Amino acid sequence: MKPLPPIAIDLYSDTLTTPTPAMRRAMARAEVGDEQKGEDPTVNRLHEMVAELLGKEAALFLPSGTMCNLIGISLHTRPGDEVIIEARSHPVLSETGGPAAISGVMLRGIATRRGVFTAADVEAAVRADIPHNPRTALVSVENTHNFGGGTCWPLETLRAVTTAARKHKLRLHMDGARLLNAVVATGISAKTYAAAFDTVWIDFSKGLGAPVGACIAGSRELMKEARRLKQRFGGAMRQAGIIAAAGVHALRHHVARLAEDHANAKRLAESLAEIRGIALDPREVETNIVIFDVRGLGVMAEQFVARARGRGVRFSMTGPSTVRAVTHLDVSRRQIDRTLKIVRELFAS
Ligand SMILES: *Cc1c(COP(=O)(O)O)cnc(C)c1O
């Protein structure tokens with residue numbers, strides 16, 4: 001078999017971003033202390049910035065977004081409880097059953113087309129308060145929705161969902177791994193999106209371009225308990241300012257530029273949609289994720305991905321016939337144009 005060429009254009013995920021030279025300088029210069037003791041000044045600064053950004057009393061730096069979800073779910077539930085969540089959300093698909101294994105909860109997945117469910121879905125999913133049923137405890141929302149195609153939650157839908165949840169005295173958690181993509185795409189502030197939620201978090205290691213880290217925010221009381229869980233899960237660190245500095249740098253310098261990733265995704269989507277056999281509505285591409293169906297090309301996703309990879313472009317699969325491309329800091333507009341040229345050469349006959 002021919003050896004694969006190096007990956008020249010990597011659309012696999014926005015987790016692939018590498019720290020820029022300026023980010024590395026900020027990391028090298030970071031003031032540090034013992035984070036477990038609350039004495040790391042850079043981590044503390046990041047807490048303040050995130051709490052302010054999300055309109056919450058306090059924030060807590062964690063090693064990963066996965067731990068933010070695990071802690072968020074643990075904070076709001078007891079073992080045996082049920083969580084209302086979208087069926088293809090990250091905790092359902094990509095957290096190795098952590099909510100079940102560690103929080104002891106059941107996830108009630110609501111199937112949707114693009115990741116956004118409705119107040120009526122919540123109403124229908126809430127269990128009656130009788131001894132046989134699991135107790136419905138929490139509604140978790142993913143904004144933007146990753147496997148839904150980078151979908152931004154419409155504010156009206158979000159408000160209806162949170163109102164329905166409160167009516168049933170449910171807690172609210174937002175997986176905001178890419179919340180700032182939604183903010184940049186819609187102009188709606190992070191505070192506005194987060195307002196009704198008990199906990200909300202953002203990831204620094206996705207489009208924001210930091211090598212590691214995420215931050216969860218909520219009330220002072222919840223964050224105090226979150227710190228306890230962080231310690232329990234082995235997430236407490238020492239001189240974490242080195243990595244928190246990347247988060248501080250990202251919030252200062254890498255938020256507005258997400259618009260470039262969105263423009264690149266749009267450009268990619270609009271041109272892919274013109275290729276006969278590729279099914280995709282470019283109007284639905286709101287942020288940096290493009291998901292399209294390739295069945296009409298006479299191939300399945302696996303073959304599409306393999307053939308593109310053979311030309312140095314890496315996509316990922318989200319289903320038997322669906323392919324995902326994610327734009328980010330390390331993908332230029334020229335690379336998008338080059339990608340389109342390669343896809344046309346391979347598949348447009
Ligand atoms: C990546 C991602 C996570 C997990 O974040 P990590 O920092 O990779 O652990 C959670 N939710 C969504 C929507 C994600 O895209």
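Every number for a ligand or one of its atoms is a count from 1 in the order of the listing. We use all heavy atoms of the structure for the numbers below, so side chains are in, but hydrogens, waters and symmetry mates are not. All values derive from a computational prediction rather than experimental measurement.
- Ring pair Phe304/Phe347: centre-to-centre distance below 6.0 Å.
- Side chains of His173 and Asn69: a donor-acceptor N/O pair is present below 3.5 angstrom, by distance only.
- Side-chain contact check for His76 and Thr199: at least one donor-acceptor pair (N or O, by modelled atom type) lies under 3.5 Å.
- Under the 3.5 Å distance criterion, the side-chain polar atoms of Asn44 are matched with a main-chain donor or acceptor of Gly38.
- When non-hydrogen atoms are compared, ligand 1 lies under 4.0 Å from neither the backbone nor the side chain of His145.
- Across every non-hydrogen atom of Asp34 and Met237, the tightest pair is OD1-O, 3.9 Å.
- Below 4.0 Å from some heavy atom of Glu142 lie the following atoms of ligand 1, by number and element: 13 (C).
- The ring of Phe117 has its center closer than 6.0 angstrom to the ring center of Trp153.
- Nearest-heavy-atom check against atom 12 (C) of ligand 1 across Leu62, Asp175, Leu93 picks out Asp175.
- Ranking the protein heavy atoms by distance from atom 4 (C) of ligand 1 puts His90 CE1, 3.4 Å first.
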Residues Thr144, Glu286; criterion side-chain contact (heavy atoms from CB on, under 4.5 Å); working and verdict:
CA-CA 9 Å; Thr144 67; Glu286 299 173 85; over 6 Å; no
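- The nearest protein atom to atom 14 (C) of ligand 1, hydrogens excluded, is given as Lys206 NZ, 2.9 Å; this is a heavy-atom distance.
- For the residue pair Glu142 and His90, no side-chain donor N or O sits within less than 3.5 Å of a side-chain acceptor on the partner.
- Looking at ligand 1, you won't find any N or O of Glu95 less than 3.5 Å from one of its N or O atoms.
- At least one N or O atom of Gly65, backbone or side chain, sits closer than 3.5 Å to an N or O atom of ligand 1.
- Neither the backbone nor the side chain of Thr15 has a heavy atom within less than 4.0 Å of ligand 1.
- Of all atoms in ligand 1, numbered sequentially from 1 with element shown, those under 4.0 Å from a heavy atom of Trp201 are 3 (C), 10 (C), 11 (N).
- Each of the atoms 15 (O) of ligand 1 lies under 4.0 Å from some heavy atom of Asn146.
- Of all the atoms in ligand 1, the ones that sit under 4.0 Å from a non-hydrogen atom of Thr66 are 4 (C), 5 (O), 6 (P), 9 (O).
- If you check the side chains of Ser205 and Thr15, you find no donor sitting under 3.5 Å from an acceptor.
- Here is the list of ligand 1 atoms found below 4.0 Å of a heavy atom in Asp203: 5 (O), 6 (P), 7 (O).
- Under a 4.0 angstrom heavy-atom cut-off, Met67 registers as lying outside contact with ligand 1.
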